[in-house]
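Encoded as structure tokens, the structure appears first; notes follow it.
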Amino acid sequence: EIKNIVYPLYQLGNPQLRIFRPSWFLTLVRPGKEQPPDTVQFRIPMDMTKYDVKNYLEKIYNVPVGVVRTRIQFGSNKKRNHLNQRVKKPDYKVAYVQLAQSQTFTFPDIFPEKDRTLKEGSMEEMQEKFMEDEKQRQKSDPRRGGVTEWFGL
Amino acid sequence: MAARIRLPLLLPRSFPPLRSLKHVHTEAVKEPQYPPIVASLTAKSKSARLRQNEERIKLISSSPVEEKLSLITRIQRMKFVVYPQTFSRNPDRWYQHFTKTAYIPGLPEKFNPTTEGSQLATDQPAVPEIDDAAFSEIRDLVTRVILHEHWHKMRKRQPFLYKHQEQVVGPFLKTLVSELTYNLAKYNPLLRLSSLDFSPQVNFYWRRGKRIIPKGHRRGRQEPIRFQIDDHPHSQIRIPQQLPQFAPLEASYTAEVPEIHLAPNVMPLFRRQYDNNIFTGAKLPDPACYGHTQFHLVPDRYHRDRLARQQHSDQVEPFLRANAAASLFAWTGAQAMYQGFWDYQDVSRPFVSQAVITDGHFFSFFCYQLNTLALSVETDANNPRKNLLWGTESLRLYEGVQDGAVVGLDDCVLRLLVQFLMNRPHS
């Protein structure tokens, strides 16, 4: 709804600033370094402030927020493309949100390991068996103890 | 063997006397005295580093106290600056982990009036009570001080934003402490020899835990995590004799200290490099080198009304506990170091101090017992001792001041305060 709006500076007596249907979107990310259990890490748009994040989470998502700390991560400008021009990785703002009321949050495992059991009698199972047999044939005799075929009869 | 010996061309007339052969056997029995085989001191190897550390430890252990302090705090490196009054969330768990302190809710048996009868038999006699006449005198004194500050004193203008605590409650606490100490000196002779400091400095430097340096020319190597506390309590009382312990050393073996395996900078805690200071509030030759009580003022920033406005009321108690743990650990640690104990020479007797943290209306009482100074990784490996912190919740002293009279003065809180100040070593 809102794009590129510059709000006038707040002066004493001005009405409370309210934003309806903000066009800011937060991204929950897995922390790179180990964080305490009550800390949640977000990537937020550069225009957002700590107080914006706090109000956003409290009003829209009903999350009890204690304290928010933000920092801006510089995206590197070092890499060069095939024309030797510098390629910039975009900067982004990171917010560390500590939850109130002693709530905890752990980032879930989005890509869990799948069980690789194949169906009986299927094509994939036969192919797996065949590949395993081939690998077994290629291996040398274990009784030779790693000595190559060059030495021998 | 004899046939193989090459005899000289001209054999002497008589062979040299075999007198020396008599002692050959006994000489062979005495072991040859070689110098002890130890690792090198200057090689570029891990064992040389270990030997350098051992030599340094020996040098520090054998030097007098002043030199010891200067040798321990000589090298400056990046360290975490621990502020006892901090805005972080749930700082009490973190500070307990840094200082190896176990928190015990409630005060030690000494201060509990209900168990007085049973305690007299044990080795910990209760704090001597003062009789009712003296107590009513104290109560009148306290009402006088409260009225003086909040009612009689003419203030031309209200204190500006966030200056109320330092401009109103600060002087109130100062007068209260000085008047109470002076009045109780007739019942507690130790207070006559004590020294009352206003806004003293208390500093302490220690190392706890290890981390692997992630980047730089020292990458991959182990580094101890260093901490420094620079505390400015409102006032403190220092005494020439040590207070008796609240609990025996062995009782701390079963206490529980919260373990946090995350780096301290996540708390958030910030690193700086500057002078490493260890200071109790007075320099080393001062005779009043042991601590009695500290008084802390809660600044406006952490006042419970402001925290309630921000819906952080549950952070009031952790803030007070963290303040007490950090300040008292720094004070008792500095006292112990002034006596010559340090990381590798652990304290032989527990060091005890008390603290009262207040914001004008609410008083919280804390007692701290330092059982161990050995907090670095090598010395902490087999150290079962833990430091102990006893503490109360915040108790309201008085409701308010109306029409020139103090409303709702709580006697229990006053009694606790008096007991705290009356605490003395039983001779």
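All chains are named by letter (A, B, ...) in the order of the sequence lines, taking the proteins before the strands, and each is independently numbered beginning at 1. From a predicted model like this one, the values you see are computed outputs, not experimental measurements. Computed from heavy atoms alone, side chains included, the values below leave out hydrogens, waters and symmetry copies.
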How many angstroms lie between atom CD of B:Q311 and atom CD of A:E58, to the nearest 0.5 angstrom? 7.5 Å
Give, for atom NZ of A:K33 and atom CG of B:L262, the distance between the pair rounded to the nearest 0.5 Å. 13.0 Å
[atom1] ([X]) with more than 12 external heavy atoms under 6.0 Å:
X      : atom1 : answer
A:L83  : CG    : yes
A:Y61  : OH    : no
B:R219 : CZ    : no
B:R49  : CZ    : no
B:R207 : CZ    : no

Result for side-chain contact (heavy atoms from CB on, under 4.5 Å) between A:V67 and one of B:Q315, B:R89, B:Q310 points to B:R89
Does any part of the side chain of B:V266, heavy atoms only, come nearer than 4.5 Å to the side chain of A:Q35, both counted from C-beta? yes
So which heavy atom on B:H312 is nearest to which on A:G66, and how close?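 That closest heavy-atom pairing would be CE1-O, 3.1 Å.
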